[in-house]
Asks: 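Dropping a structure here in structure tokens format, bear with me for questions.
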There are 2 protein chains.
Amino acid sequence: MVDVAREAGVALRTVSRVVNDDATVGAELVERVRAAIANLDYRPDERARHLRLGVTGTLGAAVRQLSHVNPVLRAVERAARKADLMVLAASTEDDEQIERHVVESMCRRRFDGILLEPIGADHGYLVPELAAGLSLVAVDRPVLGLDVDCVLSDNVAGIETAYSHLVAHGHRRIAYIGDDERIFTAQERATAFRACVRASGGAADHMIHTGPILPDRIQAALESALSGPGAATAIITGNATLSVEIVRRFRDRSDDVAVVGFDDSELATLLRPDLTVVAQDDAAIGDTAITMLRNRIADPATPVRKVTVPVTLRPRGSGETPPKSA
Amino acid sequence: MVDVAREAGVALRTVSRVVNDDATVGAELVERVRAAIANLDYRPDERARHLRLGVTGTLGAAVRQLSHVNPVLRAVERAARKADLMVLAASTEDDEQIERHVVESMCRRRFDGILLEPIGADHGYLVPELAAGLSLVAVDRPVLGLDVDCVLSDNVAGIETAYSHLVAHGHRRIAYIGDDERIFTAQERATAFRACVRASGGAADHMIHTGPILPDRIQAALESALSGPGAATAIITGNATLSVEIVRRFRDRSDDVAVVGFDDSELATLLRPDLTVVAQDDAAIGDTAITMLRNRIADPATPVRKVTVPVTLRPRGSGETPPKSA
DNA sequence: GCCGATTGAGATAACGTTATCCCGATACCG
DNA sequence: CGGTATCGGGATAACGTTATCTCAATCGGC
């Protein structure tokens with residue numbers, strides 16, 4: 001930059017002014033500086049700029065898996081681009097150690113704010129960061145034990161909608177196969193399901209199967225749910241991955257079991273009948289998250305908000321199958 | 001940091017030494033400094049550190065879509081973590097403007113290196129960056145007209161393998177439905193397919209259908225390929241998205257058309273028969289890309305390398321169906 | 001008992017920006 | 001014609017690190 005100044009025969013400060021196109025510099029000088037910049041191909045160093053300015057214009061996104069389908073992240077990138085902010089993302093792999101490493105790296109890099117899909121683990125390491133002014137918004141899951149902004153899907157309403165949709169189509173014995181309840185969303189959905197069963201006067205015991213996503217576990221859950229005298233006539237799956245696993249197993253059997261899946265995905269229309277799903281409003285979640293994060297950055301004293309975004313039932317066929325015994 | 005020094009009653013330099021755990025500082029002083037750091041909860045600022053050091057320990061990944069399945073990116077993150085480098089990723093959305101914006105942002109942030117899935121567009125903007133010492137590795141597609149490192153899948157061998165696999169199972173009339181040939185991989189695969197047809201003495205005209213991924217276009221291609229006197233008995237799809245689209249349409253028809261897909265995906269085992277695919281070696285691509293990038297960073301004078309990673313045929317059923325007329 | 005080697009730690013100068021302060025020149029008003 | 005706004009632009013001091021240089025103190029050797 002000092003070279004550019006020398007080349008153009010102006011002061012350092014003037015080059016800076018030209019780079020940040022400050023209006024108070026004469027047209028002729030601007031030209032001369034521009035030429036010098038091109039000549040020496042000078043490239044501004046954001047590190048120094050950010051250091052001096054204090055802000056970085058950068059948002060961090062710490063998500064489970066970058067390389068998985070994540071429509072919320074796409075919405076986030078879009079919303080941030082509109083606000084002229086750069087989003088830089090990294091995976092936490094749902095590993096407590098990695099999450100911490102990623103988030104702390106972003107803090108040390110002084111990102112203006114962080115979007116986090118938190119793991120259900122101890123987030124004590126965040127306390128000093130938050131105290132030091134970190135702007136953070138949790139997405140999809142809350143941060144346990146800490147009062148931070150978050151935006152979640154309405155898991156309870158989603159399960160209730162799925163359940164009553166199946167009831168409306170004549171089902172009385174509905175099973176739920178879900179993810180490990182140590183995961184927040186899985187826990188919330190399972191709890192909501194138990195409440196549904198209880199409200200309709202049944203016992204949930206044989207009807208709810210949660211645990212890790214492993215082929216054997218899923219197979220066993222499916223067999224347990226669909227066999228015996230009180231066999232289920234409909235299944236609600238706890239997330240997109242499980243929907244795939246369940247549907248995969250239905251290729252080979254011809255039972256007319258109704259299925260409603262949680263989370264939409266491109267696989268939903270791969271089979272006959274198409275999969276009825278409870279879809280999250282990804283765009284709304286992403287937009288809301290960015291808005292909340294920007295608000296918090298602008299004013300760290302903003303009261304903490306916990307936003308719940310509505311979900312939508314998308315009937316496509318698999319959830320409208322009547323019970324086979326009916 | 002100066003506060004920490006005052007609190008601990010030592011010089012600034014000593015705090016820095018403790019932070020970077022320099023061995024030449026006495027145990028007692030280390031304790032005192034550590035205590036002061038905890039007291040004031042001091043958090044080091046990487047911006048200043050990077051500015052001073054010259055390097056950032058950060059790699060940028062500019063990929064088509066963060067929120068899409070991208071096993072290569074996962075391998076990249078893993079390999080980078082092992083090398084104690086941070087990978088920060090952003091989407092280019094296959095948009096020339098966005099790609100340029102993302103890459104230039106990363107350059108101004110002085111990332112040590114960039115991994116790019118380049119768009120088939122003019123990359124002139126990279127010339128000055130490369131001249132200024134940018135370390136860049138192109139993944140999956142080359143950078144047109146510029147001599148930069150790249151690591152690609154062996155698209156030609158993949159198509160040849162798929163083709164001869166189908167021939168070995170009795171097929172003589174094989175169709176190819178691929179993506180828009182303005183995309184490098186699509187172009188390479190289509191060309192390889194044409195060569196296969198020619199080599200086996202046929203005419204490719206009715207057998208090759210490339211273009212954008214739009215429902216109508218795909219439907220038309222499929223009908224054209226599968227109707228008439230010279231109807232194809234087997235289909236090769238040009239990428240994972242097309243495999244899904246094609247397979248989706250096969251739900252409703254009962255022809256025993258053989259299918260081999262390019263790119264593996266979790267959908268491959270969703271239907272009967274399971275989808276035979278040509279799979280890319282994602283882990284090898286990711287590892288190679290990181291290795292090449294690190295080499296280039298370590299020594300910018302390293303000769304440019306273009307690496308082609310072998311692909312593997314995974315027979316699962318759909319590619320082993322005999323021709324229906326046979 | 002003195003001197004050289006070794007070790008621990010402080011002062012100072014960068015790294016590449018931008019903001020503050022200030023000054024000179026021009027123009028305008030009385 | 002003198003004085004004062006106004007505007008363009010230059011010198012300098014930060015921002016938070018680390019590296020170089022220097023120096024004081026301790027220890028061992030002769």
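Numbered from 1 within each chain, the chains take letters A, B, ... in sequence-line order. Reckoned from all heavy atoms, side chains included, excluding hydrogens, waters and symmetry mates.
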Asks: A/Phe184 versus A/Asp140: any side-chain heavy-atom pair under 4.5 Å?
Replies: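 Not in contact.
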Asks: Please give the angle, rounded to 10 degrees, between the axes at the start and the end of the helix from C/dG1-D/dC30 to C/dG30-D/dC1, where five pairs define each axis.
Replies: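 Computed from the C1' atoms at both ends, the axes differ by 50°.
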Asks: Does atom CD of B/Glu104 have more than 12 heavy-atom neighbours, drawn from other residues, nucleotides or ligands, at distances under 6.0 Å?
Replies: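 Yes, the 6.0 Å shell around CD holds more than 12 heavy atoms from other groups.
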Asks: Is any side-chain heavy atom of B/Arg64 closer than 4.5 Å to a side-chain heavy atom of B/Arg141?
Replies: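 B/Arg64 reaches B/Arg141 side chain to side chain.
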Asks: Got a second to check how far B/Asp122's CG is from B/Leu144's CG, nearest 0.5 Å?
Replies: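 The CG atom of B/Leu144 is 9.0 Å from CG of B/Asp122, to the nearest 0.5 Å.
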Asks: When you measure from the side chain of B/Arg47 to the backbone of A/Ala48, do you find a donor-acceptor pair of N or O atoms at a distance under 3.5 Å?
Replies: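 Absent.
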Asks: Drop me the distance from A/Met1's CE to A/Arg43's CZ, to the nearest 0.5 angstrom.
Replies: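 One gets 14.5 Å once the value is rounded to the nearest 0.5 Å.
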Asks: Let me have a per-nucleotide readout for nucleotides 6-18 of chain C, 5' to 3', with B, S or -, counting only protein heavy atoms under 4.0 Å.
Replies: --SBBB-BBBBBB
Asks: Is it the case that the side chain of A/Thr14 and the backbone of A/Val10 share a donor-acceptor pair, with hydrogens and angles ignored and the cut-off at 3.5 Å?
Replies: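 Looks like no, no N/O pair under 3.5 Å.
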